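First comes the structure, then the notes that go with it.
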Amino acid sequence: MKVTTANDYAELSQLASASILSSVRANPSLFFCAATGGSPTGMYAEMAKHAADFTQMRVMKMDEWGIIPSEHPDSCESYLHKHLLGPLAIPETRYFGFDTNMADTDSECLRMQGVIAQEGPFDICILGLGKNGHIAFNEPAAFLNAKFHKATLAESTIQHDPALSQGAEPAFGLCVGMEEILQSKKIIFLVTGNGKEAAFNQIMTKQITTDCPASFLWLHPNVECYTTVSL
Ligand SMILES: O=C1O[C@H](COP(=O)(O)O)[C@@H](O)[C@H](O)[C@H]1O
């Protein structure tokens, strides 16, 4: 993992965007796994300044909350339309989303595994860091899931979004699995925001443990970590 400490969030966003731009110029139809949350918002805004470079990029949603409808303003779906798909004019034909509110979520997980098998592996995977060390909704646990799956959310993950913390139980999410993340050709790992110090310190010990799913990124040969968190 190559760790670059940025002076501030604006610089982090510019550095990460520049790396993506160089990749998409070399491979215009690259397959992009898109995280949501506060960490990538500035980076997506930087990418939008170069929308003409993204006319062929394929995008897949990385994760989604299971207790709010896709059209809810706090859904990952709404976030991606607002910050990435709209500004970059990515049409539905090049976007691979999924629905968390269907009766048979197992079938939806299998469908997304099929999409990854057909379109993948990801050329670029964007990751933020959960305060508890999660990546996507791969939460600390005795074991991690390799494939796209239905995830039980940690309390700290639910509390991360005020709309969700008021929502109905049970809380769950659907998300890409660890193998699918680790098979990405390049990973852009954004570590920024309040409350990330403990998890980032744990990662920097280089001890790989399911207690901190992000620590598995040490097994990947091409992770660019951009951070504003001081150790
Ligand atoms: O809960 C989550 O949090 C992380 C980090 O969110 P951020 O708002 O601090 O960027 C996010 O990357 C992840 O996809 C989501 O599951």
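What you see is a predicted model; the values in this text were computed from it and never measured. Each ligand, and each atom within it, is numbered from 1 in the order the structure gives.
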Next on the checklist: Tell me which residues fall inside the under-4.0 Å heavy-atom shell around ligand 1.
Outcome noted: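 Lining ligand 1 at under 4.0 Å, by heavy atoms, one finds Thr36, Gly37, Gly38, Ser39, Asp63, Gly128, Leu129, His134, Ala136, Phe137, Thr157, His160, Lys196.
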Side chains of [X] and [Y]: is there a donor and an acceptor less than 3.5 Å apart?
X      : Y      : result
Ser19  : Lys186 : yes
Glu139 : Thr152 : no
Tyr9   : Ser39  : no

Checklist entry - Between CD of Glu180 and CD1 of Ile116, what distance do you get to the nearest 0.5 Å? => result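 Those atoms lie 3.5 Å apart.
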Checklist entry - Can you check whether Phe148 and Phe98 have ring centres sitting under 6.0 Å from each other? => result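 When the ring centroids of Phe148 and Phe98 are compared, they turn out to be within the sub-6.0 Å range.
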Item to check | Candidate list Thr4, Thr5, Thr192, test side-chain contact (heavy atoms from CB on, under 4.5 Å), partner Leu12, passing option | outcome: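 The passing option is Thr192.
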